[in-house]
Amino acid sequence: MNRPELILTPIEMKQADAATIAAGTPGIDLMTRAGRAVADKAAEMTARGGRIVVAAGPGNNGGDGFVAARLLEQQGYRVSLGLVGQRERLTGDSALAAEGWRGEIVAAENLPFQQADLIIDALFGTGLTRGLEGAARIAVERMNMSGRPILSVDLPSGIDGDTGEPLGVAVKAAATITFAARKPCHLLMPGRTFCGPVTVADIGITPETLAATGARIWANSPPLWLHALPRPGTASHKYDRGHTLVASGGATRTGAARLAARAALRIGSGLVTVASPPEALGVNAAHLTAVMLRGCDGPEGLYAILKDMRFNSLVMGPALGVNANTRAMVAVAVNARRSLVLDADALTSFEGIAEELRQVLRHAPTVLTPHGGEFGRLFSGHPDILDPPSKIERARRAALYTGAVVVLKGPDTVIAAPDGRAAVNENGTPYLATAGSGDTLCGIIGGLMAQGVDAFEAASAGAWIHAEAGASFGPGLIAEDLADLLPNVLRGLLT
Ligand SMILES: NC(=O)C1=CN([C@@H]2O[C@H](COP(=O)(O)OP(=O)(O)OC[C@H]3O[C@@H](n4cnc5c(N)ncnc54)[C@H](O)[C@@H]3O)[C@@H](O)[C@H]2O)[C@H](O)CC1
Ligand SMILES: [K+]
């Protein structure tokens, strides 16, 4: 199994650069390798002898561009190069790289972008600190308007490497080539869209050097959690694969719990029970087969059920109602010290009183699964959690504050643990934006925790498996399909 893909922030990348240089690799060698990787990628994208227009910036991103321009001209391409800033103000490795370019240097904003077979965007990379203005802005606007394919160096100019957000105008690249490791902007939206397909070039910075930066963000993919997925042994029986309890809403709001329950069963929970308000027992009983059913009359009823310690994983929230009763149910569930997944109404019932939720969330492995709107409501009044421009940072702060793993959903779902670990999910599909999809995700995560999977791994694996199931179906997907798509995904992972 290959190793989990570590994602480095721009600051961590600079640390890795510096450590590699300190260990004896001259910076110009890193730049030359980076520039060579750019040239190789550009050659893949452009017929030999084609017209390549390079826009270089005032720093090392520009330096990569100078190296690529030199190499491509040597290979017979017709290369034009433009610079933002003055040639004589280039310093360090960029100045060295520029010395290798024998061709003309024009102002980047005046480059003939429309005549290019390929444009190379080497204006700004991880050093971007503010929105583009003046010549840089004009160059980017003209580049984008040209309609010609753009290869971005490291990341599209104008995109914030940490957040994936455009700081004003930003290059819309056909492809991006980055170095040593991807950065958050390559996975987070909308940065992922601005990048196009991303290639990671090895420029001689070792995995050990990357890890030594202390980076704690990973791409959410099987190598991160595959080891943690349960593989029932021949002697396994249903009682040692856990028992998930899913709380149902009232008589007209029972579907969410059944979606979650079926998903928990499909993901491998040995037993699953729906805890149903008395008035909904008939409705639930009419729809349930392998999933069992228990009457549960409010917090007292839940307390009575949880005296049975075999219920080791609880899923609560979908369709429970936004009210004090739901808050009381959550308190009973938390004090029962079982693994817990809280979603939807169980979160929104604590709108603006996250402090109250925080106080109860310290007893057992807990996963919160808000989408953006629920997250904003739950943590309203907590600018320290809501204000960071990075979605990863927001999720991390919420996890630290609540003591729970937080799954901040979206096309770029972020899974964050209280200890700072974070994973970014990329295999989602727009077809998952359908009623009941979130309920199913809760069931998958709860069902994995019932089998003893730790909260962060259960949430990360659950998010990926849920998305993979949805993507395997495509157009026409409805939530009822998802649970029955899980076996195929699991087969691909476990065999
Ligand atoms: N291992 C690696 O990742 C390597 C990366 N390399 C390349 O180096 C750049 C980072 O270079 P740096 O000089 O730090 O920053 P930039 O080139 O991105 O920016 C240049 C400079 O521009 C100034 N600046 C910031 N924002 C603006 C703005 N809006 N308008 C004008 N000027 C701005 C700021 O002073 C920056 O310092 C990385 O992306 C890679 O491409 C190495 O070449 C190889 C190893
Ligand atoms: K760039």
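Each ligand, and each atom within it, is numbered from 1 in the order the structure gives. Hydrogens, waters and symmetry mates play no part in the numbers below; they use all other heavy atoms, side chains included.
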Quick one: which ligand 1 atoms are inside 4.0 Å of a heavy atom on [X]?
X: G125; answer: 16 (P), 18 (O), 39 (O)
X: T129; answer: 25 (C), 26 (N)
X: G131; answer: 29 (N)
X: P58; answer: 22 (O)
X: G59; answer: 13 (O), 17 (O), 20 (C)

Exercise. Would atom 35 (O) of ligand 1 count as contacted, meaning some protein heavy atom under 4.0 Å?
Worked result: no
Answer side chain, backbone, both or neither: which part of [X] comes under 4.0 Å from ligand 1, heavy atoms only.
X: L128; value: both
X: I205; value: side chain
X: M13; value: side chain
X: N61; value: both
X: K14; value: side chain

Does the distance from a Lys or Arg side-chain N to an Asp or Glu carboxylate O, for [X] and [Y], drop under 4.0 Å?
X: R70; Y: E99; result: no
X: R421; Y: E457; result: yes
X: R192; Y: D412; result: no
X: R182; Y: E5; result: yes
X: D202; Y: R33; result: no

Hey, is there an N, O or S on [X] sitting under 3.4 Å from the K ion (ligand 2)?
X: D121; value: yes
X: L155; value: yes
X: F124; value: yes
X: T176; value: no
X: N61; value: yes
X: L123; value: no

Exercise. If you measure from atom 45 (C) of ligand 1 to every heavy atom of T209, I203, D29, which option wins on shortest distance?
Worked result: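 Shortest heavy-atom distance from atom 45 (C) of ligand 1: I203.
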Problem set entry | Shortest heavy-atom approach to atom 40 (C) of ligand 1 - which of D64, D17, L132 | D64
Exercise. For atom CZ of R231, is the number of surrounding heavy atoms from other residues, nucleotides or ligands below 6.0 Å larger than 12?
Worked result: yes
Exercise. Would the number of heavy atoms belonging to other residues, nucleotides or ligands and lying under 6.0 Å from CZ of R36 be above 12?
Worked result: no
Problem set entry | N or O pair under 3.5 Å between A180 and ligand 1 |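 No.
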For this session: Kindly give the heavy-atom pair with the smallest separation between L123 and A139, and that separation in Å.
Result: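 Closest approach of L123 to A139: CD1-CB, 4.3 Å.
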